[in-house]
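Scope of the values below: all heavy atoms of this structure, side chains included, with no hydrogens, waters or symmetry mates. Predicted, not measured: the structure shown is a model, and the values here were computed from it. Per chain, numbering begins at 1; letters A, B, ... match sequence-line order.
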2 protein chains.
Amino acid sequence: MAKKQQEKSQQTMDELMASAVELFGTKGFTQTSVAEITENAGYAKGSFYRHWDSKDELFLQIVERKLREYRDARDPKVSGAHDLEEAMNIIWDFLETIINDRNWSSIFLEFTIHSAHSEILKKLMNKSIYRLSNQIFADLVRAHVRTDFPPEKIGALNTALFEGFLIHRTLGTQVLTIGDVRRAAIALALANGAKNG
Amino acid sequence: MAKKQQEKSQQTMDELMASAVELFGTKGFTQTSVAEITENAGYAKGSFYRHWDSKDELFLQIVERKLREYRDARDPKVSGAHDLEEAMNIIWDFLETIINDRNWSSIFLEFTIHSAHSEILKKLMNKSIYRLSNQIFADLVRAHVRTDFPPEKIGALNTALFEGFLIHRTLGTQVLTIGDVRRAAIALALANGAKNG
DNA sequence: TTCCAAAAGTGACCGCAGGTCATTTTTTGA
DNA sequence: TCAAAAAATGACCTGCGGTCACTTTTGGAA
């Protein structure tokens with residue numbers, strides 16, 4: 001059997017990824033070094049690069065997995081919504097759970113800005129598997145839009161407000177609560193997407 | 001006279017800052033090294049640290065100067081506004097000029113996220129001289145708010161939407177135009193701050 | 001004009017980062 | 001038992017922000 005070796009390799013990847021999730025989640029992306037990730041998992045630095053080409057690549061994999069988990073918990077709920085307001089409320093219940101997932105939302109934000117340095121990363125970050133953004137929200141909201149305002153823009157404005165709040169929160173500013181932003185985002189979506197403004 | 005030496009020192013600072021403004025404005029904060037800044041200005045790396053304690057400190061000085069310039073051009077206009085809508089429109093004329101100032105808005109954004117790694121920097125970035133944010137917009141809008149919705153929150157929501165759009169734009173996503181965001185921000189401010197919603 | 005203290009300017013050096021790769025260790029199946 | 005293949009290693013590379021002992025320039029007092 002040529003199985004054991006693959007299994008060992010997979011286990012190493014899992015251990016390294018678990019170590020990375022722990023460290024990224026505590027210290028953020030930039031502040032966590034590859035050497036720390038491997039050391040924390042009991043390997044040498046070189047082992048990391050047998051499994052991933054770069055720190056970026058590992059982070060993208062973690063993001064993908066986390067977003068998939070979030071969505072699996074969310075999508076069934078949203079599809080049961082009856083109108084735009086209900087859909088938006090479910091979306092914001094979801095965004096609030098993300099906000100409460102340690103400080104991952106801030107770390108996503110950090111990586112999003114980091115990705116601006118590379119054209120390749122930028123393109124990747126526009127894909128829906130790496131972003132809670134645009135297309136996704138648009139799709140969730142589309143069925144309930146009663147005006148000719150593009151659902152994509154409703155989704156993008158929602159993301160903008162959410163990510164703007166993340167910046168606000170990252171800096172430790174206290175003026176806004178997530179409730180404030182939630183109300184504003186829903187009001188905005190309804191003004192644009194519900195019959196009579 | 002002990003003047004010439006001070007003058008020379010000031011000239012060096014000016015030259016290094018001009019070099020930094022040029023490079024930051026082209027390549028961003030992280031991608032510009034201190035060695036590049038000094039080399040581009042014709043000095044050795046060590047000279048930089050005679051005038052600033054860190055790359056961060058120089059960047060803050062540049063931000064402070066740029067924001068002062070922006071505001072000097074804006075404040076007289078806003079103070080002539082007669083109602084909330086007019087004030088918001090003037091504010092957004094101003095935000096659009098910032099967006100059009102090469103890619104400085106994205107670089108501000110980059111540094112804002114960068115500052116999250118240091119408590120000291122975070123505190124500094126909450127000061128109005130380093131941010132186009134919260135307090136400033138609140139003050140500009142306060143006189144025209146006709147509800148009991150806090151002007152600070154109107155200002156902060158406006159900033160959130162603007163900075164969220166910056167992220168969107170930095171990633172090269174095409175869904176939103178600045179016009180879309182402007183309309184949304186003004187609608188939001190009026191819904192919260194004008195009589196009858 | 002001489003001279004020396006203070007200021008400006010220099011660049012080798014430090015620690016640490018992400019990433020590479022020749023080498024060693026372990027696993028596997030014949 | 002053994003050799004090929006895969007996994008693991010850590011010294012090493014380049015480049016970063018930042019330091020500091022040193023050299024050069026400057027300016028005023030003797």
> Contacts to DNA chain D from residues 14-27 of chain A, heavy-atom cutoff under 4.0 Å, which residues?
Replying inline: none

> Under the 3.5 angstrom rule, does the side chain of B:N89 hit a backbone N or O of B:E85 as a donor-acceptor pair?
Replying inline: yes

> Side chain of A:Y43: nearest nucleotide among D:dA8, C:dG18, C:dG9?
Replying inline: D:dA8

>> With no hydrogens and no angle check, just 3.5 Å: does a side-chain donor-acceptor pair link A:E96 and A:N100?
In response: no

> So does A:H51 get a side-chain nitrogen or oxygen closer than 4.0 Å to the phosphate oxygens (OP1/OP2) of D:dA7?
Replying inline: no

> Which heavy atom in B:Y130 sits nearest to a heavy atom in B:L60, and how many Å separate them?
Replying inline: CE2-O, 3.5 Å

> Do you know which of B:R74, B:K77, B:R182 makes side-chain hydrogen bond (donor to acceptor under 3.5 Å, both in side chains) with B:D93?
Replying inline: B:R182

> Is a donor on one side and an acceptor on the other found under 3.5 Å between the side chain of B:T159 and the backbone of B:G155?
Replying inline: yes

> Whole-Å distance between D:dC16 P and B:E36 CD?
Replying inline: 7 Å

> Has the side chain of A:N126 got a donor or acceptor atom that lies under 3.5 Å from a matching backbone atom of B:L171?
Replying inline: yes

> C:dA6 P sits how many Å from B:R50 CZ, rounded?
Replying inline: 14 Å

> Will you find, in the side chains of A:Q11 and A:E15, an N or O donor that is under 3.5 Å from an N or O acceptor?
Replying inline: yes

>> Using a heavy-atom cut-off of 4.0 Å across all strands, would you classify B:T32 as base, sugar-phosphate, or nothing?
In response: sugar-phosphate

>> Check the phosphate of D:dT19 against B:Y49, side-chain N and O only, distance under 4.0 Å to OP1 or OP2. Yes or no?
In response: no

> OP1, OP2 of D:dA6 versus side-chain N and O of A:S9: anything below 4.0 Å?
Replying inline: no

> Among A:F59, A:W104, A:F24, which one satisfies ring-ring contact (aromatic ring centres under 6.0 Å, His included) with A:F111?
Replying inline: A:F59

>> Output one letter per nucleotide in nucleotides 10-15 of chain D: B when a protein non-hydrogen atom lies under 4.0 Å from the base, S when only the sugar-phosphate is that close, - when neither is.
In response: B-----

>> Check this one for me: any side-chain N or O of B:T12 less than 4.0 Å away from OP1 or OP2 of C:dA8?
In response: no

> Looking just at side-chain N and O atoms, do A:D180 and A:T177 make a donor-acceptor pair shorter than 3.5 Å?
Replying inline: yes

